[in-house]
Structure formats: structure tokens, C-alpha cells
Amino acid sequence: SAMASMIQDSDSMDAIRSVLSGTASGRRVVEIDRSSGEGSEETGGVLRLSFRPLGGGDAGAALVVIEDVTQQRVADKARNAFVANATHELRTPLTTFRLYAQMLADGMVTDEDARREYLATLKSESGRLSGIVENVLEYARLSRRRAGPEQTLEMAPEALLVRLRPMLSRRAERHATELAVEEEVN
């Protein structure tokens, strides 16, 4: 099954071994990119597998959490592209601004018409810079609004299992996968 092939990935197997043997002191995380190259996340996506030892450090038991982080990766790529574009857009007017201001300050522009032209360019470029900064700030506001506040909910593992089992069972069924849960009896 797809789940078995995920877990059999060499990085996943190394993480499982270190957690189960007790050599991992905490959580181990592995990301598996199942896309078929060229940035086509839609075909497989990116899964994050987190392995954490259970039972107070006793070897042999682990909690495995599998998260689909495809949308997070797509958002990260979009955010990185935005930052790269914004940086490029800021460099051009800043370079012009710095050079023209330096030339004017050093008295290199003596012709009055040329001085007026340089000052008009500085005024125009400062307006352009203001617009770019406003766009970046608006993007940040939209990102914060979209993300919303994070919420933390504490509950016993049994209560969490009862709450999540129906949803996880439906998801497993849709993907022709079986949900297997081993409950530890005290």
C-alpha cells in the first residue's frame, strides 16, 4: 500500500529504528516529497512523518503522526517568490535614489534643469517605494488574517483517539487504506 511504501523510505526506516531502539532522545521528523518532479505537488504532495517514543523512554513503542504539508509547501514557495519579487522591485528605485542623492549632495549636478529633473526623479521613485512598501504591508496583513490565531487544546490520548477516529477512518477508506490503531492497556 502507499502507507507501507512511505514508511519503507530509508529516512523513515532510520527514524523508526532510532525511536524504537531508544537511541532517539526525542521526536524525529522525516519529510517525503511524493510529487513527480517539476513542482507538481498535486500528483503526490509532501508528507511529514513525526516519530516520537512512547512509554517514558521505553524502547519498542512509538507514536507516528503523518501530516500532509503540501499546501504549506505551496504557500512557502509563493511567499518566497513574493519576497524575491518585492526585493527586486525595491532594489531598482533604491539604487536610483542612492545614486541621484549622492550626485546632488556632492554637487556633481550643476545645471539647474538637470537638478530639477533629478529631484523630480527622486520624488517619483520615493512614491514608487511607498507603494511597494504598502503592498508588502497589505500582504502581511492578509497573511495574518488568513492564518488566524493558533489554538491549543489539551486532552488525554484516549479522548483524542475517540474524537479523531471517525474522521481518520473516513479518510483512510477514501484512500483505500486501513486505519489500524493499537491501544495500550494499562
Side-chain angles (χ1 to χ4, degrees), residues 2 5-6 9-12 14-15 24-52 63-155 160 163-164 167-168 170-171 174-175:
S5 65
M6 246 189 317
D9 167 79
S10 65
D11 291 337
S12 300
D14 290 344
S25 60
R27 182 174 80 140
R28 292 282 309 267
V29 178
V30 175
E31 286 196 4
I32 300 173
D33 186 349
R34 302 181 314 145
S35 62
S36 58
E38 319 293 301
S40 55
E41 287 84 0
E42 301 81 28
T43 60
V46 181
L47 297 176
R48 178 184 298 146
L49 286 71
S50 300
F51 305 92
R52 181 183 305 269
L63 170 67
V64 179
V65 176
I66 301 172
E67 301 173 84
D68 184 345
V69 293
T70 305
Q71 291 304 314
Q72 183 180 345
R73 291 295 167 261
V74 169
D76 289 347
K77 283 182 182 178
R79 189 173 18 265
N80 290 340
F82 176 81
V83 169
N85 288 335
T87 301
H88 175 74
E89 288 297 317
L90 286 168
R91 274 194 188 123
T92 303
L94 280 174
T95 300
T96 301
F97 206 93
R98 188 176 63 242
L99 290 174
Y100 278 29
Q102 185 67 48
M103 290 173 70
L104 288 168
D106 290 348
M108 295 175 72
V109 183
T110 55
D111 180 63
E112 194 55 39
D113 288 338
R115 285 177 56 81
R116 273 194 292 278
E117 188 178 318
Y118 275 48
L119 290 170
T121 300
L122 288 173
K123 183 178 179 183
S124 168
E125 292 297 296
S126 69
R128 183 173 168 201
L129 282 169
S130 292
I132 293 169
V133 169
E134 284 305 314
N135 286 340
V136 170
L137 292 173
E138 182 61 26
Y139 175 79
R141 279 190 289 272
L142 289 172
S143 294
R144 272 195 312 272
R145 197 173 307 137
R146 196 175 318 129
E150 287 190 20
Q151 295 179 346
T152 303
L153 178 64
E154 291 187 29
M155 65 173 56
L160 180 64
R163 189 171 181 174
L164 293 178
M167 184 262 309
L168 292 173
R170 286 191 301 275
R171 183 175 283 183
R174 275 197 310 268
H175 295 285

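- The side-chain contact (heavy atoms from CB on, under 4.5 Å) test applied to Gln102 returns Asp106, not counting sequence neighbours.
- Asp14 meets the salt bridge (charged side-chain N to carboxylate O under 4.0 Å, His left out) test with Arg17; sequence neighbours excluded.
- Interatomic distance, CG of Leu137 versus CD1 of Ile132, reported as 12.0 Å (0.5 Å rounding).
- Taking every heavy atom of both residues into account, Leu90 and Pro93 meet most closely at O-CD, 3.4 Å.
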Could you walk me through whether Glu117 and Asp113 pass side-chain contact (heavy atoms from CB on, under 4.5 Å), step by step?
-> CA-CA 6 Å; Glu117 188 178 318; Asp113 288 338; over 6 Å; no
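- Residue-environment remark: CE (Met108) stays at or below the threshold of 12 foreign heavy atoms within 6.0 Å.
- Every pair passing salt bridge (charged side-chain N to carboxylate O under 4.0 Å, His left out) that includes a residue from residues 118-131 is listed here, sequence neighbours excluded: Glu89-Arg128, Glu125-Arg128.
- Residues satisfying the salt bridge (charged side-chain N to carboxylate O under 4.0 Å, His left out) criterion with Asp111, sequence neighbours excluded, are absent altogether.
- For Arg52, there are no side-chain hydrogen bond (donor to acceptor under 3.5 Å, both in side chains) partners two or more places apart in sequence or in a different chain.
- Listed by chain and residue number, Arg98, Leu99 satisfy the side-chain contact (heavy atoms from CB on, under 4.5 Å) test with Thr95 (two or more places apart in sequence, or in another chain).
- Considering CZ of Arg91 and OG1 of Thr96, their distance stands at 13.5 Å, rounded to 0.5 Å.
- To the nearest 0.5 Å, atoms CG (Leu104) and CG (Leu122) are separated by 6.0 Å.
- In this structure, the side chain of Thr70 engages the main chain of Val46 through a donor-acceptor pair within 3.5 Å.
- Residues forming a salt bridge (charged side-chain N to carboxylate O under 4.0 Å, His left out) with Arg48 (at least two apart in sequence, or on another chain): Glu31, Glu67.
- Rounding to the nearest 0.5 angstrom, the gap separating the NZ atom in Lys77 from the CG atom in Asn80 is 10.0 Å.
- Every residue was checked against the side-chain contact (heavy atoms from CB on, under 4.5 Å) condition with Ser124, not counting sequence neighbours, and none meets it.
- Rounding to the nearest 0.5 Å places CG of Leu49 at 4.5 Å from CD1 of Ile32.
- Within the structure, ring pair (Phe, Tyr, Trp, His ring centres under 6.0 Å) pairs that include any residue of residues 89-133 comprise Tyr100-Tyr118 (at least two apart or interchain).
- Evaluation of the side-chain contact (heavy atoms from CB on, under 4.5 Å) rule for Ala101 yields no partner, not counting sequence neighbours.
- Not counting sequence neighbours, Asn135 has no partner by the side-chain hydrogen bond (donor to acceptor under 3.5 Å, both in side chains) test.
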Does the pair Phe51 and Val30 meet the rule for a side-chain contact (heavy atoms from CB on, under 4.5 Å), with working shown?
-> CA-CA 8 Å; Phe51 305 92; Val30 175; 4.1 Å; yes
